There are 4 protein chains.
Amino acid sequence: MKSTLKRKTGISPTASRIAQASLQLFNQQGERNVTTNHIARHLAMSTGNLYYHFSSKEDIIQALYQSYGDRMAWLLAEADARRHSLEELVVVLDAVLQHQWDYRFLLQSSASLFPFNAQLRASYQKFEVEQIAVGIESLFLKLREDGLFEGSVAAIRMLAVHFQLLQAAWIAHPERAGQSAAADQVVEDGRRQLLAFLRPHIAPAWQAAFERVASASACLPALVALSGRLAGSERAALCY
Amino acid sequence: MKSTLKRKTGISPTASRIAQASLQLFNQQGERNVTTNHIARHLAMSTGNLYYHFSSKEDIIQALYQSYGDRMAWLLAEADARRHSLEELVVVLDAVLQHQWDYRFLLQSSASLFPFNAQLRASYQKFEVEQIAVGIESLFLKLREDGLFEGSVAAIRMLAVHFQLLQAAWIAHPERAGQSAAADQVVEDGRRQLLAFLRPHIAPAWQAAFERVASASACLPALVALSGRLAGSERAALCY
Amino acid sequence: MKSTLKRKTGISPTASRIAQASLQLFNQQGERNVTTNHIARHLAMSTGNLYYHFSSKEDIIQALYQSYGDRMAWLLAEADARRHSLEELVVVLDAVLQHQWDYRFLLQSSASLFPFNAQLRASYQKFEVEQIAVGIESLFLKLREDGLFEGSVAAIRMLAVHFQLLQAAWIAHPERAGQSAAADQVVEDGRRQLLAFLRPHIAPAWQAAFERVASASACLPALVALSGRLAGSERAALCY
Amino acid sequence: MKSTLKRKTGISPTASRIAQASLQLFNQQGERNVTTNHIARHLAMSTGNLYYHFSSKEDIIQALYQSYGDRMAWLLAEADARRHSLEELVVVLDAVLQHQWDYRFLLQSSASLFPFNAQLRASYQKFEVEQIAVGIESLFLKLREDGLFEGSVAAIRMLAVHFQLLQAAWIAHPERAGQSAAADQVVEDGRRQLLAFLRPHIAPAWQAAFERVASASACLPALVALSGRLAGSERAALCY
DNA sequence: TATGAATGAGTTTTCATTCAT
DNA sequence: GATGAATGAAAACTCATTCAT
């Protein structure tokens, strides 16, 4: 698992550069406002070369979506593996928020990306709905069985849906809460808000532990170290 | 307050027809995929005439945003006025969800509309942040003072933010929750989910009343009548 | 029947100009080497305007094919109506050759136009195969019944096919016979060659008349007059 | 004279493979739709390598034209050598038709290949006009002197031209005669049609022999054997 | 010989906007 | 108010060809 932007093992470094630059520009200026010419020019590269590596603009977005979904699924699996430690769960939450922030153009323009784009819709079904949504629901239900959450199965299911919606909405519209776009701040505030959202559903037995974790700043050395393990080197390569 | 699509009192009926058709097409096909030529053709009208009434495509969106914000602010005032009756509050919630659904293209593509669009950004600041967000927060704090909500001021503030995010996310991405696009269903499910979201924060004294309202179907005659008063004639004019 | 380049009654003069210019450029330089930019520039017109009148380059070719087929079918009907006069038949033959010469790019590049072009293939089936080919066969069989041709039905059927192939081949590759591209010369030589091709199949009773017509030059006043009636004013508008 | 695709004796087998693949793809998909990248990919070869062996796409077509013309001239010489046996003449005719079918893209798109292509035009002059056309005319005139054809020198000259045009048209547009693209069928029907075309010009003394040959199927062992000698090994190398 | 990434001019097409009538 | 033809800049994408290795 080197770089999540590599679609297959051995993808060319140029394709990787194109994907990275596209991600950066899409995030900064909006996918709509970034043309293939912009991307190529940004990389001091000919359009022809860009199209040598990707068959279309859609193909680039598709590849980005792929790598977004891949890592998202992996993070979900991590959360599942670490679900007995609240501290580690929060670290994963941070990593998820950071990841969504890294690919925020997808969350911000997914609605405008979908109409009349069969391929992306298909990917969306596969990743977002079938994997991510199912994974989050499953995680929440397990946490309920572990005793973390109180409430009926139906209630926890709904909680999972709301959690996912809030997560995405937070990333897509941080400015709605009067937030400027400093990455770390978005992640930290996001964590705080999501934890606040979950608080009423935490079982009494866990509340003390929950408050301890919730009030801890992101800078605790242990968390940082763990976070490093999760989100480490490859992120540096992807995000501007 | 006849039609919320009129920018000023006495605006031409043609401009109104243009705005209505644009809203319909934007919602159905995505703003990105609807050209000014489409709109004009849809109205069996010349492009030139369209540009006689609106100075640009952006101007149309601006007008739609205006009318969206106007009614939104009015609904918020209604909620404030009716905040002593849970039944009526829910009616307003329905009206808000319906209104957001009517203008869903704004919620779905706001992120992709903003970059490099100073005017829209300004409107956004004015309406969404200064009015709507402030209004919701203020409403929630008043409801807290009325005894409906339990929690610290900070907690209720956060609740208001989450409430607004969830509302918007629910409208913008109904498919994320496996929801098909049947308007009435979206509204009804949205109400149910938002109430479920609020439930943990309802003070014990109100819980019985809350459950009564939450379990009531949308078809209770009284509610319908009230809803009619709220969402009445102008909606018929706007929505196909 | 004003101009065969008008697809419907009342087509805009600009669309007509585009079609005419395209026909001229396609004939002169080959469809392959003529871009929509060339056409627009040739008419001192913006590309956008060209695409306002035709939805694609294919659409232009389609329109040309349409008008080619329309007039071709009409000429065939004329031939049928005049089949009792050899003189008049020859006049129609001239008109057909002239018409094919006017649209020679179609005959020259039909093979390269077809692959992967469903619409044109369909038009081709409709016009060339179902109308023209059937029409020529039917004409030849009637002429056989009139006593002009000798031979079995099968033989005359084959004669009709060969006649059509020769006609097209003559227009498509006049240079193959060492012919320069002077329009009138192509037509006159084509007529002579096609008549020579038919000669062996003429029944003895008609041979004297046939030779008289075959040896007559194209300039006989009567023929010219008749030809004028057939191929008259609209040709001037179409062909450079 | 090993492979007609070798431009000089001893040309590299790679160049040969390129020419063969190009021929195949041009025939199947039309020269217009086959890019040099297609050809290279089809051969699992790099573009660079293709351009090492041929200086341009035109160069490939040129080479194909060369080998087409070479074999055509050779077949014509064969026809001349065998002109005293009708049976053998027909075998040569079959070989010619097969050869033209093997290179049908040239006949189908010659018109669209010529404009602005000086080299090809030159080749065309050299092969088609100076050699093939002259050769066919000379053959027909000799056959006239041998007593096979009746008619004036001028008439036989015209017959030769028509024969060549029909041959090419038959190959270039088999669909024009409602013919599907099965190679053997095209050849067989072509022979039948061309013989029917010649029939009226056969001198009475030869008619019995002519009918015998014309009605013989292509499968007579002797013919097949002879055909093998004519069209043998090199065809296997050229055609997919 | 061979590779394959890179080039760049060109192609079709789109669309917000203008303008003469 | 209304028409609709016209504009032009820019978008996505293609492809013959080159070049460093």
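Every chain is numbered from 1, with letters handed out A, B, ... down the list of sequences. Not measured: the values here are computed from a predicted model.
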Next item on the list: Starting at atom CD of C:E58, determine the distance to atom C1' of E:dT11, rounded to an integer number of angstrom.
Entry: 14 Å
Notebook entry, point to check: Does any N or O in the side chain of B:N37 come within less than 3.5 Å of the main-chain N or O of B:T47, such that one atom is a donor and the other an acceptor?
Noted result: no
Notebook entry, point to check: When the distance from CD1 of D:I39 to P of F:dT14 is rounded to whole Å, what number comes out?
Noted result: 17 Å
Note to self: Base, sugar-phosphate or nothing for A:T35? Non-hydrogen atoms, less than 4.0 Å.
What the structure shows: sugar-phosphate
Notebook entry, point to check: Atom CG of A:N33 to atom C1' of F:dA11: distance rounded to whole Å?
Noted result: 13 Å
Note to self: Test side chain to side chain contact (heavy atoms under 4.5 Å, CB included) on A:R32 and B:E31; report intermediate values, then the result.
What the structure shows: CA-CA 11 Å; A:R32 188 184 189 159; B:E31 181 269 340; 2.5 Å; yes
Next item on the list: Considering only atom P, compute the distance from F:dT21 to E:dT1 and round it to an integer number of Å.
Entry: 23 Å
Notebook entry, point to check: Can you find a pair of side-chain heavy atoms, one from A:E58 and one from A:Q62, that are under 4.5 Å apart?
Noted result: no
Notebook entry, point to check: Heavy-atom distance under 4.5 Å between the side chains of B:I39 and B:F26, does that happen here?
Noted result: yes
Notebook entry, point to check: Rounded to whole angstroms, how far apart are CG on C:D59 and P on E:dT11?
Noted result: 20 Å
Next item on the list: Please give the nucleotide sitting opposite E:dT21 as a Watson-Crick or G-U wobble pair, both distances under 3.5 Å, or none.
Entry: F:dA2
Any N/O pairs under 3.5 Å between the protein and nucleotides 3-7 of chain E? List them or say none.
unit_1	atom_1	unit_2	atom_2	d
E:dT3	OP2	D:S46	N	3.2
E:dT3	OP2	D:S46	OG	3.4
E:dT3	OP2	D:N49	ND2	3.4
E:dG4	O3'	A:Y52	OH	2.9
E:dG4	N7	D:G48	N	3.4
E:dG4	O6	D:G48	N	3.3
E:dA5	OP2	A:Y52	OH	2.1
E:dA6	OP1	A:T14	OG1	3.2
E:dA6	OP2	A:T14	OG1	3.3
E:dA6	OP2	A:N49	OD1	3.1
E:dA6	OP2	A:N49	ND2	2.9
E:dA6	OP2	A:H53	NE2	2.7
E:dA6	O5'	A:N49	ND2	3.0
E:dT7	OP2	A:S46	N	3.0
E:dT7	OP2	A:S46	OG	3.4

Check: Going by heavy atoms in the side chains, are D:L64 and D:F105 under 4.5 Å from each other?
Finding: yes
Checklist line | Test item: C:V34 and C:H42 side chains (from C-beta on) under 4.5 Å apart, heavy atoms | finding: no
Margin query: Whether the A:S46 and A:Y52 side chains hold a donor-acceptor pair (N or O, under 3.5 Å, no angle test) is what I'd like checked.
Written below: no
Note to self: Does the structure show a Watson-Crick or G-U wobble partner for E:dT14, both distances under 3.5 Å? Name it, or say none.
What the structure shows: F:dA9
Checklist line | Nearest-angstrom distance from the residue atom CD1 of C:I61 to C1' of E:dT12 | finding: 12 Å
Check: Rounded to the Å, how far apart are B:K57 NZ and E:dT14 P?
Finding: 15 Å
Note to self: From CZ of C:F54 over to P of E:dT12, roughly how many Å is that when rounded to an integer?
What the structure shows: 15 Å
Next item on the list: Whole angstrom is fine here: how far is it from CZ in C:R32 over to C1' in E:dT12?
Entry: 16 Å
Note to self: Looking at A:Y51, I'd like to know whether one of its side-chain N or O atoms comes within less than 4.0 Å of OP1 or OP2 on F:dT14.
What the structure shows: no
Check: Does C:T36 make a side-chain N or O approach to OP1 or OP2 of E:dT12 shorter than 4.0 Å?
Finding: yes
